**Q** 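I'd like to ask you about the structure that follows.
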Amino acid sequence: MLAKVPTGLPLHLNAKFIKKFLNLGDLARARQLFDGISEPDVQSWTILISAYTKTGRSRDAIKLYTEVKNRGKINLDKFVILAAAKACAVSGDLAKAKEVHFDALNHKFSSDLLIGNALIDMYGKCKYFKGGEQVFRDLRIKDVITWTSFCSCCVNCGLPEAALRAFRDMVVSGVRPNAMTLSSVVPACSRLSVCIRGARCMVLPSRMGWGENQFVSSALVDMYSSCSSIKHAQSVFANMPRPDVASWNAIISAYFANGEGERALDTFQHMRSRGVKLDRVSWNSIVSGCADNGKAREALELLRDMQRVGCKPNQITVTSALTACTVLEAWRGGNEVHAYITRHCLMEDLAATTALVLIYAKAGDVEASNRLFRMMPLRDTVAWNTIIIANSMHGRGEKAVSLFNEMVGSGVKPNSVTFTGVLSGCSHAQMVDEGLSIFDSMMKDHEVEPDAEHYSCVVDVLSRGGRLVQAHNFIQQMSSEPSAAAWGALLGACRTYKNVELGRLAARRLFEIEPNNPGNYVLLFNILAAAKQWGEASEVRRLMRDRGIRKMPGCSWIRVNNRVHTFVVGDKDNDMSSEMYKFLDEVRVKMKLAGLYPDTEFVLQDLDGEEQEHSLCNHSEKLAVAFGILSLRDESSIRVFKNLRICGDCHNTIKFIAKFAGIRIVVRDSLRFHHFEEGLCSCREFW
DNA sequence: GTAGGGTTAG
């Protein structure tokens, strides 16, 4: 029997009764009671705000906080500000978070530990390091919680090095870390893939009496896993007296991450037979682990198990399952993936539909993505982000920008991912001015702090637009250390625009930042080779050889009659090989008749004329296209996938093939989609 | 009404 909502209570009893309903789990009735009070006191507001946050309705909690402020009559105390900070932390709403910080300062709570600690945590969860750092610095007295909150703020903001520095400073300043501190700092080691040296780290927690702490141990399992020390991970786990679900989940993920799929599955079975109550993370771990480890069928089978036992899939599940489906697409076909999702009632959910929008785009069918998106009854930020990214991937910059404007117009708040999506759309469509003005509006109109990724996007926008010098200046003026992506964008454009000088400079920086990425060496080689600077070019090759870096072999694939056919350069390992080469020879002759000559600058070797042509015409993407055309039955289009970037000569040749064969060819390379139709490509010659 | 932590995807 539910208690009735009392009315006309004496003021001091309001909060008490609201709390009573909340304890009964009846938020609605608590709200009803609250609404019946003409002048609720600040305590009642606080209780209700916390209750909304705790039940996953942090947006409503924030609304309530705004309301209590607008009333004006009520004097805010530190507890209501505390509750608001927590709501902001859960929702990740940075604009509101700044407002709460401002309110705290206004009410002279700036040196209050309780408030300060909560604000640091809040900023960390909103991924706004500057804010957390400022509050941290302003606090004159710092306790363990302050230091711990600041460490996790650093980790949440993607600054693991800063977290480790803070940890050291904490110890130096004489504050003794506790188990919570350790479980906040160890993930920083995981991010950096560094181990606090093996034995010592395992001894440390046990000596400090944290050996039984599940939080610390699970974090250690993850740390060892990220350092590829699966043996240490296993031993931490084995020494846990009472592993909880999260610990089991951590060790299972550790096995998967270290390529031990069978052991992961065994452990999962073991966990079930031990009667450990599985949570959604357990299921997600096993589904995603299988999907990533070539066990697509098992992944889908486990997805069925998950639903059979009544665990509801969420976005992470569906995304993982779809990864499995992408592989299965090889023999099932895209529409069957859609049917699978529908059959398993995954369509109801916004997240699942969004994942499906993405998979259509990834499978090369962006029209299907757009259609599906239009059918969605409800679209949140993630859904909008997805459709913007989908169009950007396919070189539809104008569409991406117009979707962005529509999103803003419909009142959905863009976040950091939105800007990455729309900016990359601009760069692939050479919309330089649009890109720059959108970047400009990020902070000004949308309160989204640009991060390293956005800076790289701007470099890409400028570079692809041919403004190489401006791009270089932009890199030099960046407030943070330029990332590999930023230099990489510049280097790529130096090849397109044949700028040897800047290319050399960008490559030199890249060789320092990521000395083992073969792509950078190959790009510089191509730039030098195109400029006929063979001497320097062969030095680059020597450098590669000396450092033991090998170019990843190019590989293309195509699905024909529910089978995937893969090709490598010069592949003759196919029943249709002779026809394929004959076809490509014919194409070459026809191209020459049309005045189109092979673009020999894309050969990675300094061979002479005839041989150059030959090594160009057996690139894997050409072979896959030839195979596709020759096996074509009723289809009016073919889709080819390649693991590396498409080569320039292949790009020209495929444009030509699309025209004379009168079909549409879609090629997905490692970066984007190219739609070849009527002799043109959607990328407008920029790849 | 009184703070901080580990495991899943992209």
Side-chain angles (χ1 to χ4, degrees), chain A residues 15-16 18-19 22 41-51 54 77-86 89 112-122 124-125 143-153 155-156 177-188 190 210 213-223 225-226 233 236-237 240 243-254 256-257 278-292 306 313-324 351 354-355 358-359 362 382 385-386 389 417 420-421:
Chain A
K16 205 175 160 186
I18 293 171
K19 217 177 155 193
L22 290 175
D41 58 359
V42 67
Q43 196 178 346
S44 306
W45 284 96
T46 309
I47 300 174
L48 207 59
I49 292 172
S50 317
K54 274 182 207 142
D77 66 2
K78 69 182 203 178
F79 297 112
V80 73
I81 291 180
L82 211 58
K86 197 151 190 188
D112 188 292
L113 253 189
L114 204 66
I115 296 277
N117 293 345
L119 290 178
I120 295 171
D121 180 55
M122 170 188 80
K125 302 240 160 82
D143 65 0
V144 210
I145 299 172
T146 319
W147 285 100
T148 306
S149 304
F150 185 59
C151 286
S152 57
C153 171
V155 175
N156 287 335
N178 60 20
M180 276 207 193
T181 320
L182 210 61
S183 54
S184 305
V185 173
V186 171
S190 306
W210 305 328
N213 186 299
Q214 288 139 330
F215 288 91
V216 177
S217 300
S218 308
L220 286 174
V221 167
D222 187 55
M223 180 192 77
S225 160
S226 76
V236 172
F237 181 77
M240 289 181 73
D244 64 1
V245 218
S247 328
W248 284 96
N249 297 344
I251 190 70
I252 288 171
S253 303
F256 276 126
L278 306 188
D279 62 7
R280 198 189 272 153
V281 179
S282 321
W283 288 104
N284 288 351
S285 309
I286 198 85
V287 170
S288 73
C290 286
D292 291 342
M306 173 180 186
N314 66 359
Q315 191 186 347
I316 295 177
T317 331
V318 176
T319 316
S320 315
L322 283 173
T323 310
T354 304
L358 185 63
I359 197 119
K362 280 188 174 171
V382 180
N385 289 352
T386 305
I389 291 166
V417 179
T420 320

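Chain naming here is simple, since letters A, B, ... match the order of the sequence lines and numbering starts at 1 in each. Note that the structure is a prediction, hence the values are computed from the model and not measured.
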**Q** Could you list the residues that satisfy side-chain hydrogen bond (donor to acceptor under 3.5 Å, both in side chains) with A:D112, not counting sequence neighbours?
**A**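 With neighbours one apart ignored, the set is A:K78.
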**Q** Identify whether any heavy atom of A:V80 sits under 4.0 Å from a base atom; if not, whether one sits that close to sugar-phosphate; answer base, sugar-phosphate or nothing.
**A**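 The answer is base, as A:V80 lies within the cut-off (heavy atoms under 4.0 Å) of a base atom.
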**Q** Apply ring pair (Phe, Tyr, Trp, His ring centres under 6.0 Å) to A:F237 and list each qualifying residue two or more places apart in sequence or on a separate chain.
**A**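 A:F237 satisfies ring pair (Phe, Tyr, Trp, His ring centres under 6.0 Å) with A:W248 once adjacent residues are dropped.
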**Q** Please list, chain by chain and in numerical order, all residues satisfying side-chain hydrogen bond (donor to acceptor under 3.5 Å, both in side chains) with A:S149, sequence neighbours excluded.
**A**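 None.
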**Q** According to side-chain hydrogen bond (donor to acceptor under 3.5 Å, both in side chains), who are the partners of A:D77, at least two apart in sequence or on a separate chain?
**A**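 Testing A:D77 for side-chain hydrogen bond (donor to acceptor under 3.5 Å, both in side chains), a comparison that skips the adjacent residues, returns none.
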**Q** At under 4.0 Å, does any side-chain N or O of A:K78 touch on OP1 or OP2 of B:dT2?
**A**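 Answer no for this pair, as no side-chain N or O of A:K78 is under 4.0 Å from OP1 or OP2.
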**Q** If I take atom CD1 in residue A:I252 and atom C1' in nucleotide B:dA9, what distance separates them, rounded to the nearest angstrom?
**A**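 Value for this atom pair: 17 Å.
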**Q** Could I get the full list of side-chain hydrogen bond (donor to acceptor under 3.5 Å, both in side chains) partners for A:N156, not counting sequence neighbours?
**A**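 In terms of side-chain hydrogen bond (donor to acceptor under 3.5 Å, both in side chains), with neighbours along the sequence ignored, A:N156 is linked to no residue.
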**Q** Using a 4.0 Å heavy-atom cut-off, write out nucleotides 3-8 of chain B from 5' to 3' as B (base contacted by protein), S (sugar-phosphate only) or - (no contact).
**A** BBBBBB
